[in-house]
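To keep things clear, I will list the structure first and then write my remarks on it.
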2 protein chains.
Amino acid sequence: MTVTVAAAERLIRIGEVARGAGVSVRAVRYYEQQGLLIAERSPSGQRLYRQDAIALVRFFQQMFAAGLTSRRITELLPCWDAGHTDAGQRAMLRAERERIQAKIDDLQAALDHLDKVIAITDTHP
Amino acid sequence: MTVTVAAAERLIRIGEVARGAGVSVRAVRYYEQQGLLIAERSPSGQRLYRQDAIALVRFFQQMFAAGLTSRRITELLPCWDAGHTDAGQRAMLRAERERIQAKIDDLQAALDHLDKVIAITDTHP
DNA sequence: CTTGCCTCTGACGCTAGCGTCAGGTTTTAG
DNA sequence: CTAAAACCTGACGCTAGCGTCAGAGGCAAG
């Protein structure tokens, strides 16, 4: 039989989350407003986060950079921190994966294009 | 001695440009407003383009997808269709190149991240 | 001539992820 | 105790690449 002793995790405030993840405080509040990041509240109303919130915010940034909306991220969060995933969510994961791959290909093509221009302008000053 | 006979190029109207490049008519007008695409005008005021305008619009789309603004594209256009490039423009070209490469790397990291999640949700339904 | 499609010039709307003030409370350092 | 720093809730602003409607003119076909 296993006894779980809750290891009284140290909670951090919004400023620490923001600095830790390299975003603004405003951004973190925005994530909460969008339902991405639920925070506990201190008696006085201040937001309290667990340390892994920092990693989570970094993850949000990465997904934003990949072109996902906050809406999509909320829909996919269950795949992330819970074991529960239904068929629809797995399909969405794959769809986003394909979108990102296509975007990478587009960017690579643009890069090749630019490189050709650079080669011309360098040999042809 | 060479005599150049101007091969009376057939000019096309905005609709044909838009359909050819797969964008909206509104988009083409917007490009003109941003100084990306200069058009002749018919006596009645309609825009007239050369056929290579289609390829140019496709190029704009590619650069937009790569994260360049219309402003940047106008600044870099001289590198493109003229032989004239100064040091500043070549530096900007390289800077944009680096931005795109960094973006590709970020997207690849996001893709790898998503793939790990997909692997977990697939083996762990 | 008129029907129907294309084009024109404004000009306002939209989205998404925040930035940025305003005005007030809370926590912390000295 | 007090001042600074951090936090709170609204709420408006911003950017960029268009979408979209309004109202009016242009152009080939039948």
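Basis for what follows: all heavy atoms, side chains included, without hydrogens, waters or symmetry-related copies. We name chains A, B, ... by the order of the sequence lines, and we start the count at 1 in each one.
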Sugar-phosphate only, base, or nothing, as touched by A:Leu68 at under 4.0 Å among non-hydrogen atoms: sugar-phosphate
Distance in angstrom units between B:Met63 CE and D:dA16 P, rounded: 18 Å
5'-most by nearest nucleotide on DNA chain C - B:Gln46 or A:Thr69: B:Gln46
Contact under 4.0 Å: B:Tyr31 side-chain N or O vs D:dG17 OP1/OP2: no
Whole-Å gap separating P (C:dT27) and CZ (A:Arg41): 13 Å
Stretch residues 13-30 of chain B: residues that reach within less than 4.0 Å of DNA chain C through a heavy atom: B:Arg13, B:Ile14, B:Gly15, B:Arg26, B:Arg29
Rounded distance (nearest 0.5 Å) linking atom OG1 of B:Thr123 with atom CD1 of B:Ile118: 12.0 Å
CZ/B:Arg50: more than 12 non-hydrogen atoms of other groups inside 6.0 Å: no
Donor on one side chain, acceptor on other, B:Gln46 and B:Arg13, under 3.5 Å: yes
Atom-to-atom span, CD of B:Glu32 to P of C:dT7 - whole angstrom: 14 Å
Spacing between A:Phe60 atom CZ and C:dA16 atom C1', to the nearest angstrom: 16 Å
Between C1' of C:dT15 and CZ of A:Arg72, the distance in whole Å: 16 Å
Atom-pair distance (CZ on B:Phe64; C1' on D:dA16), nearest Å: 9 Å
Any side-chain donor near an acceptor of the partner, B:Arg90 and A:Thr121, under 3.5 Å: no
Touch class at under 4.0 angstrom, heavy-atom based, for B:Arg71 against every strand present: nothing
Trace of the ring pair (Phe, Tyr, Trp, His ring centres under 6.0 Å) decision for A:Tyr31 with A:Phe64: CA-CA 11 Å; A:Tyr31 300 155; A:Phe64 284 144; 5.7 Å; yes
Contact nearer the 5' end of DNA chain C, comparing A:Gln34 with A:Pro43: A:Gln34
B:Arg41 with B:Glu32: basic N within carboxylate O range, under 4.0 Å: yes
B:Leu48 CG to C:dC6 P, straight-line distance once rounded to whole Å: 16 Å
N/O (side chain, A:Gln61) to phosphate O (OP1/OP2, C:dC18) under 4.0 Å: yes
Distance below 4.0 Å between A:Ser70 side-chain N/O and C:dG17 OP1 or OP2: yes
Pairs of donor and acceptor atoms involving the side chains of residues 100-111 of chain B, under 3.5 Å and at least two apart or interchain, shall be tabulated with distances.
unit_1	atom_1	unit_2	atom_2	d
B:Gln101	NE2	B:Asp105	OD1	3.2
B:Gln108	NE2	B:Asp112	OD1	3.2

Nearest-angstrom distance from the residue atom CG of A:Leu36 to P of C:dC18: 10 Å
Side-chain N or O of A:Arg47 closer than 4.0 Å to phosphate OP1/OP2 of D:dC8: yes
